[in-house]
There are 2 protein chains.
Amino acid sequence: MSQQRSAHGNAAGPDFPDLPEATVARLPEYLRALHALAEAGHDVASSEALATAAGVTSAKLRKDLSYLRSNGTRGVGYEVLGLIDKIEHVLGLNQHRPVALVGVGNLGHALAGYGGFGSRGFRFSALFDADQRRVGERINGMPVRHVADLAPVIAAERIVIAVIATPAHAAQAVADELVACGVTSILNFAPCLLSVPENVDVRKVDLAVELQILSFHEHRKASLTALPRPLGPPARPVAGHGLGVEAVGS
Amino acid sequence: MSQQRSAHGNAAGPDFPDLPEATVARLPEYLRALHALAEAGHDVASSEALATAAGVTSAKLRKDLSYLRSNGTRGVGYEVLGLIDKIEHVLGLNQHRPVALVGVGNLGHALAGYGGFGSRGFRFSALFDADQRRVGERINGMPVRHVADLAPVIAAERIVIAVIATPAHAAQAVADELVACGVTSILNFAPCLLSVPENVDVRKVDLAVELQILSFHEHRKASLTALPRPLGPPARPVAGHGLGVEAVGS
DNA sequence: GCTTGTGAAACGTTTCACAGCC
DNA sequence: GGCTGTGAAACGTTTCACAAGC
């Protein structure tokens, strides 16, 4: 993230609204919610309905969609399929993007084996590991290659997005090599900071960080309630429609 | 979280500064950076050094730390070990928190097998799956139990934080059950919205969402380089840290 | 009627810049 | 001299509230 937002006053292509980062981060949720609504047979959805399905407020949703040159109809709502198309287009998902995965250990193996990406715009099209014993193994029919082959494969497949799932100590070297091969977006699962040129976007996912944030909130909740642990059930709005609390994403 | 932060009447326990959410989200990074510095033999670090190690600006770091009733010394910097202690305390990491994991499929299996949490304040202390064929399997020495046993185990181990790594269609039911057992923080890897009572915190990690956000930036970068440069200031408003490789393929 | 689209206000976060202290 | 701590300004995001339109 954190690309320079070059000065452009709206010079971006006809296609290209200059979206606030917070909006960009929510579009994928809207997309998921829209697909769910489409599957449930809705062909139109109000901002209220869509917002509920996506876990945001309707005002926020409308404001977000307004940046895409909105196409809702007043008094009615948004056409579900049309909106799916528009968001997929804005996110650049129409071309199923090939993604490289480096590090086929515990986590990497699981990511490579997960089948759910195809429907969401991606496919892993190259797997790499530094461990010769893993090379040649097939995951979901795809062979694991040695990291030494990174450059030719990434060039051949025209890959620009890569996932790093190596141990932390290897991540920076891998990132350097990926960048040298032309990769410009990296999703980093290694618990370390990556230093990359400023035209490269990096997003980081760290499970321990997420748990630590939850831990803070636990800690706070515990310190707010007088009793450490009520024995009986205090008041549980469990079944039914508690308004969902949605924590902030990374 | 979007819930009313009940007018924080609590005089904030002696322990408890009322931190901005953005700050809370960064504390884990500071912690990681501090551990790295400690390991490298530093016992004091300036805000500049620490900020660099954590990937933020020094002003932001100082402001964040100031919420913790800062303990840096002017002209010198922050005492590394002391700061580690303080942040761990604020995050509630002193007690190694037990965490439950539900769903030992592809991803869940990888999470359970990852050994890196112990050093960061957590341990998985109960694994569950709905598939009888998985029950009894041991991962890292821990047995996989059937979800039917959720309630007694979670009560016995006093678990309040859980990770959901089930398929999306099962996630809500699992969440409901966890909440009924007293869990108040959930980390959700299933690509769906969870509806929970408002005293429960949910954080969501969705790999496809991360890739879609990167895809947007790819798309934007591509459309910017493809377009003729609009008239205006010369090229490349680059700035910042010249660190890193400066390679662009193609 | 009902729902979108949007200025304007409110809020939260980051950055600036420097006073205060070692 | 160097570095922290922090008000105040700048910026970004969310919420409000209502006019515009179906």
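Proteins come first, then strands; the chains are lettered A, B, ... in the order of their sequence lines, and each starts at number 1.
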Under a 3.5 Å distance rule, please check whether A:S46 uses its side chain to pair with a backbone N or O of A:A49 as donor and acceptor. yes
Between A:T23 and the options A:L61, A:L68, A:D64, the side chain to side chain contact (heavy atoms under 4.5 Å, CB included) test singles out A:D64
Test of understanding: with side chain to side chain donor-acceptor pair (under 3.5 Å), list the residues that count as partners of A:E218, not counting sequence neighbours. A:K221, B:T184, B:S185
Check B:D206 with A:R120, please: is the shortest side-chain N to carboxylate O separation under 4.0 Å? yes
Give a yes or no on whether the backbone of A:E21 and the side-chain of A:R26 come within a donor-acceptor separation of less than 3.5 Å. no
Grab the two heavy atoms, one from A:Y78 and one from A:S47, that are nearest each other, plus how far apart they are. CE1-CB, 3.9 Å
A:E210 side chain to B:R203 backbone, donor-acceptor under 3.5 Å: no
Inter- and intrachain pairs under salt bridge (charged side-chain N to carboxylate O under 4.0 Å, His left out), touching residues 31-48 of chain A, at least two apart: A:E29-A:R32
Please list, by residue number, the residues of residues 40-50 of chain A whose heavy atoms come closer than 4.0 Å to an atom of DNA chain C; answer none if no residue qualifies. A:S46, A:S47
Check B:S215 against A:L93 and note the closest heavy-atom contact, atom names and distance. OG-CD2, 3.7 Å
Let's see if you get this right: which residues in residues 55-62 of chain B place a heavy atom under 4.0 Å from DNA chain C? B:T57, B:K60, B:R62
Check: B:N94 main-chain N/O paired with B:H89 side-chain donor or acceptor under 3.5 Å: no
Sole residue of B:V90, B:L91, B:I84 in side chain to side chain contact (heavy atoms under 4.5 Å, CB included) with B:E88: B:I84
Does the B:K204 side chain pair with the main chain of B:L187, one donor and one acceptor, at a distance under 3.5 Å? no
Comparing B:P20 with A:S66, nearest DNA chain C nucleotide closer to 5' gives the residue A:S66
Does A:R69 offer a backbone N or O that forms a donor-acceptor pair with the side chain of A:K86 under 3.5 Å? yes
Could you list the protein-to-nucleotides 20-22 of chain D atom pairs, N/O on both sides, closer than 3.5 Å?
residue, atom, partner, partner atom, Å
D:dA20, N3, A:R74, NH1, 2.6

Contact class for A:D64 (heavy atom, under 4.0 Å): base, sugar-phosphate, or nothing? nothing
Quick one: how far along DNA chain C does chain A reach, first to last nucleotide 5' to 3', anything under 4.0 Å to a heavy atom? C:dC2 to C:dA8
